[in-house]
Amino acid sequence: MVASVREALKASTMGELDDSYWQLSSVFDPTKTDLGPDEEALLVAFLRGLAGSISVIDVEHHKPLINSVLQMSIWNYGCYAGDALVDFVVLLATDGKYREACLDMLVCNFMPPRKIHHSRWIFRKKEVLDRVHSALHAIADLAPLACVQLLQIILHRMPPMHFPKEIIAIYVESMLKLEKSVIGEYVGTEILMALMDRLVDYDVEIKPEDIPHDDSSKGIFDMELEDVEENRDDFVGFGSQGTRQRELVLKNSVYAKKLDMLMVITFEHLKSCADDGRLIKVFKTLVESFKKTMLKTQKSKFAQFVMFYACSLDPEHCGVTFADLLTDMFLYEHDPLSRIISVAYLSSFLSRGKFLPTSLVVGILERMGYLIAKLKAVMYVLCFRMRSIVDVPHHKSQLLGVHLERILQHHLDPLQFFISDVDNNSAQVEEFLRQAKAAHLFFMSKTFLFDDLLDSELLKSYGDMERLDMFFPFDPYLLKESDRFIRPNYVFWSMVKTTYDNHNIEDDDPDDDGDNEDEIETFNLRNTGSVGGPDLIDDDGVYIDEDHDINEDDVLESSMNKMSITPQTLSSTRELFSGFGSTARMPARIRPSVSPDL
């Protein structure tokens, strides 16, 4: 057969197209599928003959014939024909003139022809893809520079977003299989970056109306979309109620289903990287992608959880690295927008990461303690973390060193600014002050009118207004299938042990029933005359102590206001604290926040 094929090729080069050549051309017909045994045997024979005649193939005279071969899909043929086709393509790729076309043919075979039903090709998936990847590695061994061409082809051939999710999934799986292979040493970084970009592409296509919203009259701590009974420490799985709830989440969003599927594939890949000892290397790429794409995409709702999950796999390195990155960006980045978004990510990450040690959280709060502009973020974190901090005397001492009390007493009245900034914040302030009171966080607690705050009509009035939430990127995760990777590492509000739970941190003064008005001093944040030391906050809202000499500009503080919408302005924080009262039960649900259009 090799001899007859060789003669037919030679004759065609001289312009003699005999019957042998036409027979050869008819066998290599990419439109023919479902070949019978005899037809497939003939195909195998001609492919073997063609492989043995590589030296006489002419790029000009035999181009139509070669194009027909390279348009054939491995998925359409049996084992022997598939092997023969791959072997020929590998040999043909040794000639640089055909290499790019051969690589393109193999990458196209990452996906089955769309006319083949999923129920049919799923059983051949491993068999076919093993052949494809084996061929790619063989070509890379023969010509290492082929990896550069391969990368460009992979990126170009990524299936469009409207393709069926099964086709998208099988392609991405092949991409990640290459990333963790020897070829990945050359193309792995770019493959991961492309995948992260595609996750964001799907994420931003999920419309706001596709995301479930609860009663807008509820506050930030009322609306967490979780099943309380499922958030025990065992994480056995979803009960029927929880399953039904999540089946309704994003049910009408095709993009959400595709993103969910891709997140599962990505999480599984990261887990395999961790098992293989490659996670730290891969995490460097994820960080670069985060800075380049995610951090600049305000409408991203779920893709950022790739960072969250990677950090949960290696808290000591990845978790600390990510937290330090966000802290450094907030403290030292010149671009105000980047600083706003980084502190939002940081506060959400520190609050929600179950795997993050308290020492890391309080250490970062210490680093940021002198900046009024991050008060929102600190209060949010402390709503989740205060109990774990004050339970340890050393950590409580560190927290006291942040000097939150002096910041709150600054004449710029930062707490009033914070509350008036968005109605959602009033509930956050309530929770923060309730926990601060129970923990005796403020030594000057007598100056705070804690009593009757929860009954304040002014505070309640915020719940009746139209609201937009502050941007907390790691709010509860709503993708059904990939939720199982996030849930065991995630802090839901119902899990939080507050300082007023069981009231066992410090006993209140038994002689103080809170009703002696003579012992209650007015809490006026505009009073700069401080008790227990001079005021250490300058007119620009920057805390200065003996070890710091920091001049923070006003740009960031004013920009922080853009993270939420101001429903109305209080004349003074004093109005809010006109009565702070009895301990109330803390609601168990928090609504996911919506990123701002900045």
Side-chain angles (χ1 to χ4, degrees), residues 1-2 4-5 8-9 12 17 19-54 57 62-93 98 100-136 138-139 150 153-154 156-160 162-175 177:
M1 181 61 71
V2 173
S4 61
V5 170
L9 293 174
S12 67
L17 301 179
D19 292 343
S20 298
Y21 185 83
W22 290 119
Q23 183 185 20
L24 187 65
S25 299
S26 65
V27 169
F28 299 131
D29 185 353
T31 64
K32 290 184 178 179
T33 59
D34 298 323
L35 302 181
D38 292 341
E39 290 177 303
E40 185 148 335
L42 183 62
L43 175 61
V44 171
F46 274 107
L47 283 170
R48 298 299 184 196
L50 202 59
S53 307
I54 290 289
I57 294 178
H62 303 137
K63 184 176 181 179
L65 177 66
I66 298 305
N67 285 344
S68 294
V69 175
L70 294 180
Q71 290 173 21
M72 299 173 72
S73 174
I74 303 170
W75 297 85
N76 288 327
Y77 309 108
C79 178
Y80 295 110
D83 285 341
L85 179 57
V86 167
D87 290 344
F88 169 72
V89 171
V90 171
L91 287 174
L92 185 64
Y98 299 105
E100 185 174 351
C102 292
L103 292 171
D104 186 68
M105 179 268 192
L106 292 170
V107 170
C108 287
N109 275 275
F110 282 178
M111 303 172 288
R114 296 188 67 180
K115 64 181 180 180
I116 302 181
H117 194 270
H118 175 261
S119 60
R120 177 182 170 190
W121 64 253
I122 191 64
F123 296 105
R124 300 197 59 213
K125 173 182 170 181
K126 185 178 186 307
E127 168 200 336
V128 172
L129 293 181
D130 282 350
R131 286 193 183 95
V132 171
H133 283 270
S134 176
L136 289 173
I139 294 172
L150 176 61
I153 293 168
I154 289 173
H156 175 70
R157 288 291 185 180
M158 285 186 72
H162 67 271
F163 268 38
K165 67 176 185 177
E166 295 83 8
I167 299 298
I168 297 169
I170 196 172
Y171 192 93
V172 171
E173 286 171 351
S174 280
M175 288 176 61
K177 186 173 182 178

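Just so it is clear, the model here is predicted, and its values are computed rather than measured. The first residue of the sequence shown is numbered 1, and numbering continues consecutively from there.
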According to side chain to side chain donor-acceptor pair (under 3.5 Å), who are the partners of S25, at least two apart in sequence or on a separate chain?
none

Just to verify, what does Y171 make a ring pair (Phe, Tyr, Trp, His ring centres under 6.0 Å) with, not counting sequence neighbours?
F110

Listed partners of K165 passing side chain to side chain donor-acceptor pair (under 3.5 Å), at least two apart:
none

Mind checking the NE2-CG spacing from H62 to L50? Nearest 0.5 Å is all I need.
9.5 Å

What pairs with K63 under salt bridge (charged side-chain N to carboxylate O under 4.0 Å, His left out), at least two apart in sequence or on another chain?
none

Tell me every residue that passes side chain to side chain contact (heavy atoms under 4.5 Å, CB included) with A138, counting only those two or more places apart in sequence or in another chain.
V90

Those residues at least two apart in sequence (or on a different chain) that pass side chain to side chain contact (heavy atoms under 4.5 Å, CB included) with I116 are W75, N76, P113, R120, W121

Side chain to side chain donor-acceptor pair (under 3.5 Å) against D130, all qualifying residues, sequence neighbours excluded:
K126, K177

Could I get the full list of side chain to side chain contact (heavy atoms under 4.5 Å, CB included) partners for P37, not counting sequence neighbours?
none

Under the salt bridge (Lys or Arg N to Asp or Glu O under 4.0 Å) rule, what pairs show up with a residue in residues 69-83, not counting sequence neighbours?
D83-R131

Sorted by chain and number, sequence neighbours left out, side chain to side chain contact (heavy atoms under 4.5 Å, CB included) with E100 holds for Q149, I153

Not counting sequence neighbours, which residues clear side chain to side chain donor-acceptor pair (under 3.5 Å) with R48? List them please.
D87

So the salt bridge (Lys or Arg N to Asp or Glu O under 4.0 Å) pairs with at least one residue in residues 104-113 (sequence neighbours excluded) are D104-R157

